[in-house]
Amino acid sequence: MAAAEGQWVLMATGRTPTNIAVIKYWGKRDEALILPINDSISVTLDPDHLSATTTVAVSPSFPSDRMWLNGKEISLLGGRFQSCLREIRKRARDFEDKEKGVKIKKEDWDKLHVHIASYNNFPTAAGLASSAAGLACFVFTLGKLMNVKEDYGELSSIARQGSGSACRSIYGGFVKWCMGEKDDGSDSIAVQLADETHWNDLVIIIAVVSSKQKETSSTSGMRDSVETSPLLQYRAQTVVPGRVLKMEEAIKNRDFESFAKLTCADSNQFHAVCLDTSPPIFYMNDTSHRIISLVEKWNHSEGTPQVAYTFDAGPNAVLIAQNRKTAAHFLQKLLYYFPPQDNDLSSYLVGDKSILGDAGL
Ligand code: ADP
Ligand code: DP6
Ligand code: CO
């Protein structure tokens with residue numbers, strides 16, 4: 001560290017979109033490494049609408065590691081943040097900024113503390129996968145700051161240890177997280193099935209039913225399901241493997257009918273597992289159920305599915321329309337039945353499927 005102690009601050013900023021699973025991850029076989037009990041498939045969203053933006057700073061004047069989320073300080077002591085920090089620090093490389101007179105040797109990174117500030121441009125912990133965007137961005141930006149080699153496979157595996165769904169947010173487009181078989185997690189990896197240019201006439205509408213923080217986090221909810229739900233074992237072992245194969249085919253062939261049927265069925269089964277958990281977990285509310293009915297009736301009246309719905313661990317609806325025309329038509333209907341002024345459907349966001357090819361700016 002060549003510059004005079006405490007006289008410099010080095011910063012990096014990154015932005016990472018969230019991803020929404022169309023075949024859900026729910027249940028771990030290893031809590032520490034975050035290894036899932038089934039494969040999952042997701043779509044990475046448009047970062048202009050749903051993303052985390054994180055700035056990481058390092059300076060010899062910082063006495064400890066600290067983090068602020070949406071302006072409020074949060075503890076970095078939790079295992080998930082520590083695992084990611086440790087893994088990134090392990091891979092840090094020599095860095096030099098001649099203009100600032102800063103030279104950091106590989107081994108010096110361990111002695112330096114970080115300050116991290118992150119903002120989500122969408123509701124946090126409300127079932128729109130903030131942990132996916134947040135932890136992927138955390139890893140990506142720390143990696144950028146510490147001059148870690150930009151190896152997406154490696155960054156994705158580190159992000160997985162922060163939040164399972166985060167391993168998919170490192171890639172754009174359609175992404176599959178293969179559960180893997182090994183105990184060390186080395187084959188539990190995310191792979192891009194198709195990039196963001198594939199099937200880009202799909203339109204995603206997010207109906208924010210409630211932006212409140214959910215009562216049961218995904219981490220504790222899925223732990224309870226693993227311990228108590230007999231339906232979860234059946235789902236993971238018997239149902240999901242077939243669905244994953246069919247979903248891959250549907251994506252490859254841009255087969256919206258199959259895509260929509262699988263997406264809706266998988267969301268419904270995931271919420272059935274939540275109900276099958278003891279004590280039961282209620283992520284959806286009455287408005288969520290009414291949105292499902294509206295989509296089901298609309299699809300039925302049209303003869304073939306026009307819109308797919310999926311709900312993560314929260315009440316907010318993610319609606320996927322086949323194209324802009326259908327999206328506009330459906331949005332009109334949604335606004336008619338759920339006028340924003342007299343219910344809790346607080347906002348709508350419309351975006352293209354996915355924009356970024358990678359997780360960084
Ligand atoms: P969600 O459905 O939004 O993913 P989770 O229960 O899975 O909800 O995770 C929410 C947690 O994810 C937050 O309490 C916080 O610990 C973490 N998180 C969310 N956003 C960020 C972010 N931008 N940076 C770091 N961590 C984040
Ligand atoms: C319903 O990735 O948030 O969104 O690994 O414990 O951090 P942890 O859980 P998280 O779980 C996501 C569950 C889901 C489905 C999905 O994204 O596949
Ligand atoms: Co999450």
Side-chain angles (χ1 to χ4, degrees), residues 14-45 50-56 67-81 83-85 116-142 159-169 175-177 179 188 190 208 210-226 240 244 263 266-267 269-271 273-274 281 283-284 310-316 318:
R15 183 169 71 150
T16 307
T18 185
N19 72 77
I20 296 295
V22 289
I23 300 292
K24 308 285 185 197
Y25 144 56
W26 196 250
K28 299 179 183 71
R29 61 179 199 276
D30 184 313
E31 287 264 346
L33 288 172
I34 308 203
L35 304 178
I37 59 170
N38 59 259
D39 294 348
S40 53
I41 295 180
S42 60
V43 188
T44 299
L45 301 192
L50 283 95
S51 60
T53 301
T54 303
T55 298
V56 187
M67 169 148 192
W68 291 261
L69 176 54
N70 301 324
K72 270 202 192 133
E73 183 155 14
I74 60 164
S75 167
L76 268 175
L77 291 178
R80 56 173 63 196
F81 291 117
S83 310
C84 295
L85 262 169
I116 303 165
S118 186
Y119 285 90
N120 296 326
N121 63 359
F122 64 100
T124 299
L128 290 170
S130 68
S131 66
L135 271 298
C137 202
F138 183 92
V139 166
F140 188 85
T141 314
L142 267 176
R160 189 201 75 227
Q161 295 171 56
S163 177
S165 53
C167 73
R168 300 183 309 235
S169 264
V175 184
K176 175 179 169 185
W177 174 15
M179 61 178 282
S188 187
V208 180
S210 165
S211 50
K212 270 203 247 129
Q213 189 165 338
K214 58 189 155 191
E215 281 168 29
T216 311
S217 72
S218 299
T219 309
S220 74
M222 72 175 81
R223 188 181 299 130
D224 291 350
S225 295
V226 167
V240 174
V244 164
T263 299
D266 204 67
S267 171
Q269 189 178 67
F270 155 53
H271 289 278
V273 165
C274 291
I281 312 166
Y283 282 127
M284 290 195 284
T310 184
F311 293 77
D312 258 10
N316 301 306
V318 178

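Both counts, for ligands and for their atoms, begin at 1 and track the order of listing.
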(message) Measuring from non-hydrogen atoms of G127 to any atom of ligand 1, is the shortest distance under 4.0 Å?
(response) yes
(request) May I ask whether F81 places a heavy atom under 4.0 Å from ligand 1? (result) yes
(request) Return yes if a side-chain donor-acceptor contact under 3.5 Å exists between W68 and S118, otherwise no. (result) no
(request) Report yes if S131 has an N/O atom closer than 3.5 Å to an N/O atom of ligand 2; otherwise report no. (result) yes
(request) Assess the side chains of R168 and S42: does a donor N or O sit below 3.5 Å from an acceptor N or O? (result) yes
(request) May I ask you to identify the nearest protein heavy atom to atom 4 (O) of ligand 2, giving residue, atom name and distance to one decimal place in Å? (result) D312 OD2, 2.9 Å
(request) Name the closest protein heavy atom to atom 15 (C) of ligand 2, giving the residue it belongs to and the distance to 0.1 Å. (result) Y25 O, 3.3 Å
(request) Determine whether any heavy atom of L69 lies closer than 4.0 Å to an atom of ligand 1. (result) yes
(request) May I ask you to check if ligand 1 and T219 share an N or O to N or O distance below 3.5 Å? (result) no
(message) Under 2.8 Å from the Co ion (ligand 3), is there any N, O or S atom belonging to T219?
(response) no
(request) Name the closest protein heavy atom to atom 7 (O) of ligand 2, giving the residue it belongs to and the distance to 0.1 Å. (result) S163 OG, 2.7 Å
(request) Looking only at protein heavy atoms, identify the closest one to atom 9 (O) of ligand 2 and say how far it is in Å. (result) M222 CE, 3.4 Å
(request) Measure across V240 and I23 and return the closest heavy-atom pair with its distance rounded to 0.1 Å. (result) CG1-CG2, 3.8 Å
(message) Looking only at protein heavy atoms, which one is nearest to atom 2 (O) of ligand 2, and what is the separation?
(response) S165 OG, 2.6 Å
(message) Can you check which of P123, S118, A136 brings a heavy atom nearest to atom 24 (N) of ligand 1?
(response) S118
(message) Working note: T310 + K24, criterion side-chain hydrogen bond (donor to acceptor under 3.5 Å, both in side chains); need CA distance, chi angles, decisive distance, verdict.
(response) CA-CA 10 Å; T310 184; K24 308 285 185 197; 2.7 Å; yes
(message) Can you see whether T44 engages N19 through a side-chain donor-acceptor pair at a distance of less than 3.5 angstrom?
(response) no
(message) Please compare A126, S131, A117 and report which has the shortest non-hydrogen distance to atom 4 (O) of ligand 1.
(response) S131
(request) May I ask you to check whether K24 has an N/O atom sitting below 3.5 Å from an N/O atom of ligand 2? (result) no
(request) Would you check whether R80 has a nitrogen or oxygen atom less than 3.5 angstrom from a nitrogen or oxygen atom of ligand 1? (result) no
(message) On a heavy-atom basis, I'd like to know which of S220, G134, A133, S130 is closest to atom 19 (C) of ligand 1.
(response) S130
(message) Among all the protein's non-hydrogen atoms, which is closest to atom 16 (C) of ligand 2, and how far away is it?
(response) R168 NH2, 3.3 Å
(request) Could you list which atoms of ligand 2 come closer than 4.0 Å to a heavy atom of K28? (result) 5 (O), 6 (O), 8 (P)
(request) Determine, using heavy atoms of Q213 and all atoms of ligand 1, whether some pair is separated by less than 4.0 Å. (result) no
(message) Under 4.0 Å from atom 21 (C) of ligand 1, can you find at least one protein heavy atom?
(response) yes
(request) Examine the proximity of ligand 2 to A21 and report which part, side chain or backbone, both or neither, has a heavy atom under 4.0 Å away. (result) side chain
(message) Give me the residue, atom name and distance of the protein heavy atom closest to atom 1 (C) of ligand 2.
(response) F270 CZ, 3.6 Å
(request) Would you check whether S40 has a nitrogen or oxygen atom less than 3.5 angstrom from a nitrogen or oxygen atom of ligand 2? (result) no
